Chemist: 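Structure in structure tokens, see below.
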Amino acid sequence: MSSAASRPTAGAFDRGHTDDLMAFLTASPSPYHAVASAAERLEKAGFRRVEETASWDGTSGGKYVIRGGAIIAWYVPEGAAPHTPYRIVGAHTDSPNLRVKPRPDMGAQGWRQVAVEIYGGTLLNTWLDRDLGLAGRLTLRDGSHHLVNVDRPLLRVPQLAVHLDRGANDGLKLERQRHMQPVWGIGKVHEGDLISFVASEAGVDAEDVTGWDLMVHAVEAPAYLGRDRELLAGPRMDNLLSVHAAVAALASLAGRDDLPYIPVLAAFDHEENGSEADTGAQGPLLGNVLERSVYARGGAYEDRARAFAGTVCLSSDTGHAVHPNYAERHDPTHHPRVNGGPILKVNVNQRYATDGSGRAVFAAACEKAGVPWQSFVSNNDMPCGTTIGPITAARHGIKTVDIGVAILSMHSARELCGAEDPYLLANALVAFLEG
């Protein structure tokens, strides 16, 4: 761990950043909303959207591309050469949850229910007996998309009473198909009811809705926690905490034409189920954007190769803080603590992409920002998760370093982090992007 002070000595962000993160989490119940929220912040900083189907020019300034639940944004300093390397912060917009099936209307025993599918490795029990809303996007006949957010108690997955399951406290067993279908009313089930309701909430005609990507979210607002409010509880911190920090860091560099690198935000969808999508890290989106930027500035393949060879990516995703009740599950010599600063994630089997030279890049950024940092490695007896880091490194040949913020209750409907860590991360990201 760095010996730096607990607060950055040179940075743009303080506790107000964490306040803004709470607003970002609330406004982003789906990847599509997260992308819209990120774009709104970038627009205020002077970035402009470019379409993938349009011809790109080589002008300087901030630009971004949106595809579904993914966003790539970058700032080209005035006079940047075609072979100028990139500094990339990678993250993902999706979180484990319950997602609406193609035929959502179902029910039993007089209850009206919504048919859902389990997305990602969610902690199922955290969705029980919780007030739930519904959000996502509707697709109309003309191909247009409309965001919808029913951010009020609408659904509930009721747990079986302990009187009817005397062994529940000895080990709860939930069947994904039978036990996770939420209720949303009583009475007869009519096909089309849910989509008609959601369409009315979005202000569109239900007959025009031909597709939907809808998901459940907890409606309880993010909140500071603890006697001294030193903790933050909220939904989707994995990984909107990183998305928000990266957006803030990139926006803070708008207008900086002295940068030796082109700073980039790459926020992908579908990380939680393997990244194999056109909006995921396994897809071509990031590579296409970086290459097109090189060529738009008059570059050739040689410039592209030079730019990629000098590029570094920080894959920023949440990691595991040491758990007070399960310390034995962690590596005995690596106990990341909340409010201890961002973590450097290491796995020699390449579940994380960090190596020694990448560690040096991250350490230099934290030192420049005056931000403390910690190391994370898994217990040898525990399987290690993975991120977009190794995928990015292998697909694009880009040096990649895995980092993040240490949290508890990862993949829960409501996670927990230190209230100082979000702005410590954002300050480290600024220093990294500045080079």
Side-chain angles (χ1 to χ4, degrees), residues 25 29-31 92 94-136 150-186 189 193-194 212-220 222 233-240 270-274 318 320-321 323-326 328-330 378-379 381-386 407-417:
L25 293 172
S30 78
H92 65 89
D94 60 318
S95 302
N97 57 17
L98 313 179
R99 302 206 171 187
V100 175
K101 289 184 175 181
R103 297 186 63 183
D105 298 292
M106 62 174 293
Q109 306 302 321
W111 293 95
R112 298 168 65 197
Q113 295 174 277
V114 175
V116 297
E117 190 173 5
I118 311 301
Y119 178 84
T122 187
L123 281 170
L124 296 178
N125 66 293
T126 67
W127 293 91
L128 302 179
D129 297 335
R130 191 182 290 271
D131 294 339
L132 305 171
L134 195 63
V150 186
D151 194 29
R152 62 180 186 273
L154 177 70
L155 307 163
R156 183 182 177 94
V157 183
Q159 186 171 187
L160 186 64
V162 69
H163 311 78
L164 305 178
D165 183 8
R166 295 291 182 177
N169 291 323
D170 299 321
L172 181 64
K173 177 66 175 177
L174 294 171
E175 295 181 21
R176 292 168 173 246
Q177 182 60 41
R178 279 206 306 153
H179 299 150
M180 296 305 298
Q181 311 306 318
V183 300
W184 74 306
I186 56 175
V189 175
D193 272 0
L194 181 71
W212 53 85
D213 301 279
L214 300 171
M215 57 205 71
V216 170
H217 68 276
V219 299
E220 185 180 1
R236 300 176 294 281
M237 291 186 188
D238 180 12
N239 187 31
L240 293 187
H270 297 298
E271 189 273 346
E272 295 293 357
N273 60 4
T318 54
H320 302 292
H323 198 297
N325 300 334
Y326 301 92
E328 73 281 0
R329 302 295 181 97
H330 299 266
S378 290
N379 185 309
D381 292 325
M382 297 286 170
C384 180
T386 191
I407 69 171
L408 292 182
S409 305
M410 186 184 294
H411 287 195
S412 169
R414 194 167 177 85
E415 297 160 323
L416 184 71
C417 76

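What you see is a predicted model; the values in this text were computed from it and never measured. Residue numbers count from 1 along this sequence.
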Chemist: Could you tell me whether the side chain of Gln113 and the main chain of Gln181 form a donor-acceptor pair under 3.5 Å?
Modeler: yes
Chemist: Using atom types as modelled and distance alone, determine if a side-chain donor or acceptor of Asp94 lies under 3.5 Å from a backbone N or O of Glu271.
Modeler: yes
Chemist: Assess whether side chain to side chain contact (heavy atoms under 4.5 Å, CB included) is satisfied between Asn97 and Trp127, documenting all intermediate values.
Modeler: CA-CA 8 Å; Asn97 57 17; Trp127 293 91; 3.8 Å; yes
Chemist: Given Val216 and Val157, is the side chain to side chain contact (heavy atoms under 4.5 Å, CB included) satisfied, shown in steps?
Modeler: CA-CA 11 Å; Val216 170; Val157 183; over 6 Å; no
Chemist: Measuring from atom NE2 of His330 to atom NE2 of His320, what distance do you get when rounded to the nearest 0.5 angstrom?
Modeler: 8.0 Å
Chemist: Taking all non-hydrogen atoms of both residues, which atom of Met410 and which atom of Leu123 are closest, and how far apart?
Modeler: O-CD1, 3.7 Å
Chemist: Measuring from atom CG of Leu155 to atom CG of Leu194, what distance do you get when rounded to the nearest 0.5 angstrom?
Modeler: 7.5 Å
Chemist: Examine distances only and state if a side-chain atom of Glu415 and a backbone atom of Ile407 form a donor-acceptor pair shorter than 3.5 Å.
Modeler: no
Chemist: NE2 of His217 to CE of Met215: how many Å apart, nearest 0.5 Å?
Modeler: 10.5 Å
Chemist: Nearest heavy-atom pair of Ser30 and Gly136: which atoms, and what distance?
Modeler: OG-CA, 3.9 Å
Chemist: Out of the candidates Leu98, Val116, Val114, Val100, only one should pair with Leu214 under the side chain to side chain contact (heavy atoms under 4.5 Å, CB included) rule; please name it.
Modeler: Val100
Chemist: Can you name the nearest heavy-atom pair linking His163 to Arg166, along with the distance?
Modeler: O-NE, 3.6 Å
Chemist: Evaluate whether atom CD1 of Ile186 has more than 12 neighbouring non-hydrogen atoms of other residues, nucleotides or ligands under 6.0 angstrom away.
Modeler: no
Chemist: Ignoring hydrogens and angles, tell me if any N or O in the side chain of Arg414 forms a donor-acceptor pair with the backbone of Glu220 under 3.5 Å.
Modeler: yes
Chemist: Can you name the one residue among Pro235, Pro29, Pro153 that meets side chain to side chain contact (heavy atoms under 4.5 Å, CB included) with Val219?
Modeler: Pro153
Chemist: First locate atom NE2 of His323, then atom OG of Ser409, and finally report the distance between them rounded to the nearest 0.5 Å.
Modeler: 6.0 Å
Chemist: Can you name the closest pair of heavy atoms from His270 and Asn273 and give their distance?
Modeler: O-OD1, 2.8 Å
Chemist: May I ask you to check whether His411 and Asp238 show a side-chain donor-acceptor distance below 3.5 Å?
Modeler: yes
Chemist: How long is the gap from CG on Leu124 to NZ on Lys173, to the nearest 0.5 Å?
Modeler: 9.5 Å
Chemist: Which pair of heavy atoms, one from Pro102 and one from Pro104, lies closest together, and at what distance?
Modeler: O-CD, 3.3 Å
Chemist: Step by step, work out the side chain to side chain contact (heavy atoms under 4.5 Å, CB included) result for Arg99 and Trp212.
Modeler: CA-CA 10 Å; Arg99 302 206 171 187; Trp212 53 85; over 6 Å; no
Chemist: Please say whether more than 12 non-hydrogen atoms of neighbouring residues, nucleotides or ligands are located less than 6.0 Å from CG in Asn169.
Modeler: no
Chemist: Asp151 side chain to Gly133 main-chain N or O, any donor-acceptor pair under 3.5 Å?
Modeler: no
Chemist: For Leu154 and Trp184, work out which heavy atoms get closest and say how close.
Modeler: O-CB, 3.5 Å
Chemist: Let me confirm one number: the CZ-CG distance from Arg152 to Asp131, rounded to the nearest 0.5 Å.
Modeler: 12.5 Å
